[in-house]
Amino acid sequence: MKEALYISGAPSAGRDLQELLGLVARGDQEAFAAVYETVSGPVLGLVRNVLRDRAQSEEVAQEVLVEVWRSAARFRASRGSAMSWVLTLAHRRAVDRVRSAEASSAREHRAALLDRTPAFDQVTEQVEARLEREQVRSCVRTLSELQRQSVTLAYYQGLTQREVSELLSVPLGTVKTRLRDGLIRLRDCLGSNA
């Protein structure tokens with residue numbers, strides 16, 4: 001059940017709310033107690049309509065009442081009723097709380113998105129590595145079949161020159177020559193494409 005909401009003013013026991021705010025502005029604690037009794041229900045009702053959360057509504061209503069105590073001297077009767085002034089403070093504070101919660105949620109959402117996005121350097125490195133691999137593959141295709149076999153066995157499969165010689169059944173000197181010539185062609189190809 002919602003609290004009573006008085007827009008034009010609450011029933012006042014004794015002194016007028018406007019007069020009580022004048023006394024509160026001068027630091028009268030008894031006057032503030034009377035103001036509190038008069039406006040706390042309408043303030044809480046208005047704040048609950050905006051926030052919908054009971055705990056936050058109570059907290060914001062308390063903040064509004066503290067603000068009434070601190071800023072009662074700013075009330076101007078020429079601009080409206082005392083109840084309207086208090087309820088305007090309450091509405092503004094409740095809307096500020098909603099906006100603050102939405103901004104906080106948006107910040108957290110953006111931060112979560114940034115955490116999932118790979119770093120720029122990581123993406124750049126992946127692209128560069130892919131381009132370099134493609135360039136090496138292209139240059140390896142320019143080698144003769146014998147050079148390609150020797151280079152592939154020695155550098156991609158990790159065999160020693162002696163193991164390549166035994167696997168291909170060719171003399172060790174021939175393997176060394178094929179590797180040297182193949183590497184020179186690769187260097188020239190990669191150097192001209194860089």
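Keep in mind the model is a prediction, meaning the values are calculated, not measured.
The minimum heavy-atom distance linking L143 with R148 is given by the pair O-NH2, 2.9 Å. Heavy-atom minimum distance, P42 versus V39: CD-O, 3.2 Å. Pairing each heavy atom of A31 with each of L23, the nearest pair is CB-CB, 3.5 Å. Residues L186 and V151 share a closest heavy-atom pair of CD1-CG1, 4.1 Å. For the pair V164 and A154, the tightest heavy-atom approach, listed with the atom from each and the gap, is CG2-N, 4.1 Å.
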Check step by step if side-chain contact (heavy atoms from CB on, under 4.5 Å) holds for Y36 and V68. CA-CA 9 Å; Y36 184 93; V68 168; over 6 Å; no
Given salt bridge (Lys or Arg N to Asp or Glu O under 4.0 Å), test E19 with R26 step by step and report yes or no. CA-CA 11 Å; E19 180 185 336; R26 287 184 238 130; over 6 Å; no
Assess the residue pair V43 and L87 against the criterion (side-chain contact (heavy atoms from CB on, under 4.5 Å)); give the C-alpha distance rounded to whole Å, side-chain angles, the decisive distance to 0.1 Å, and a yes or no. CA-CA 6 Å; V43 165; L87 292 178; 4.2 Å; yes
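V98 is connected to V64 through a chain of hydrophobic side-chain contacts under 4.5 Å among Ile, Leu, Val, Met, Phe, Trp and Tyr, so both are in one cluster. One hydrophobic cluster holds both L153 and L179 under the rule that ILVMFWY side chains link at heavy-atom gaps under 4.5 Å. Note: the hydrophobic cluster containing L190 does not contain I184 (ILVMFWY, side chain heavy atoms under 4.5 Å, direct or indirect links).
Here the side chain of S81 pairs no donor or acceptor atom with the backbone of A77 at under 3.5 angstrom. Here the side chain of T88 pairs a donor or acceptor atom with the backbone of S84 at under 3.5 angstrom. Although no hydrogens or angles enter the test, the distance criterion places a donor-acceptor pair under 3.5 Å between the side chain of T38 and the main chain of A34. Judged by distance alone, the side chain of T142 and the main-chain N or O of C139 form a donor-acceptor pair under 3.5 Å. Looking only at distances, no side-chain donor or acceptor of S165 sits under 3.5 Å from a matching main-chain atom of Q161.
Judged as a side chain to side chain donor-acceptor pair (under 3.5 Å), the pairs with a partner in residues 69-80 (not counting sequence neighbours) are, in order, S71-R74.
Atom CD of E63 is separated from atom CD of E67 by 9.0 Å, given to the nearest 0.5 angstrom. For the atom pair S150 OG and R180 CZ, the distance stands at 12.5 Å (nearest 0.5 Å). Taking CD of E166 as the reference point, atom OG1 of T160 lies at 7.5 Å (rounded to 0.5 Å). Note that CZ of R97 and CG of D53 are 9.5 Å apart. Values are rounded to the nearest 0.5 Å. Interatomic distance, CZ of R93 versus OG of S100, reported as 11.5 Å (0.5 Å rounding). Summarising the geometry, atom CG belonging to L159 is positioned 10.5 Å from atom OG1 belonging to T152; distances are rounded to the nearest 0.5 Å.
Looking only at side-chain heavy atoms (C-beta outward), L168 and R178 come within less than 4.5 Å of each other. Here the side chains of S138 and Q135 are not in contact, with every heavy-atom distance at 4.5 Å or above. Residues L20 and F32 are not in side-chain contact: their nearest non-hydrogen atoms beyond the backbone lie 4.5 Å or more apart. Between E163 and L167 the shortest side-chain heavy-atom distance does not fall below 4.5 Å. R52 places none of its side-chain heavy atoms less than 4.5 Å from the side chain of R48. Between F75 and V24, the closest side-chain pair of non-hydrogen atoms is not below 4.5 Å. Within the 4.5 Å cutoff, side-chain heavy atoms of V140 are placed close to those of Y156.
In this structure, a donor-acceptor pair under 3.5 Å is absent between the side chains of T174 and T177.
R54 and E58 are joined by a salt bridge, as a carboxylate oxygen and a charged side-chain nitrogen come within less than 4.0 angstrom of each other. Between E102 and R99, no side-chain nitrogen of the basic residue sits less than 4.0 Å from a carboxylate oxygen of the acidic one, so the salt-bridge criterion is not met.
Shown here is E145, whose CD atom has more than 12 heavy atoms of other residues, nucleotides or ligands within 6.0 Å.
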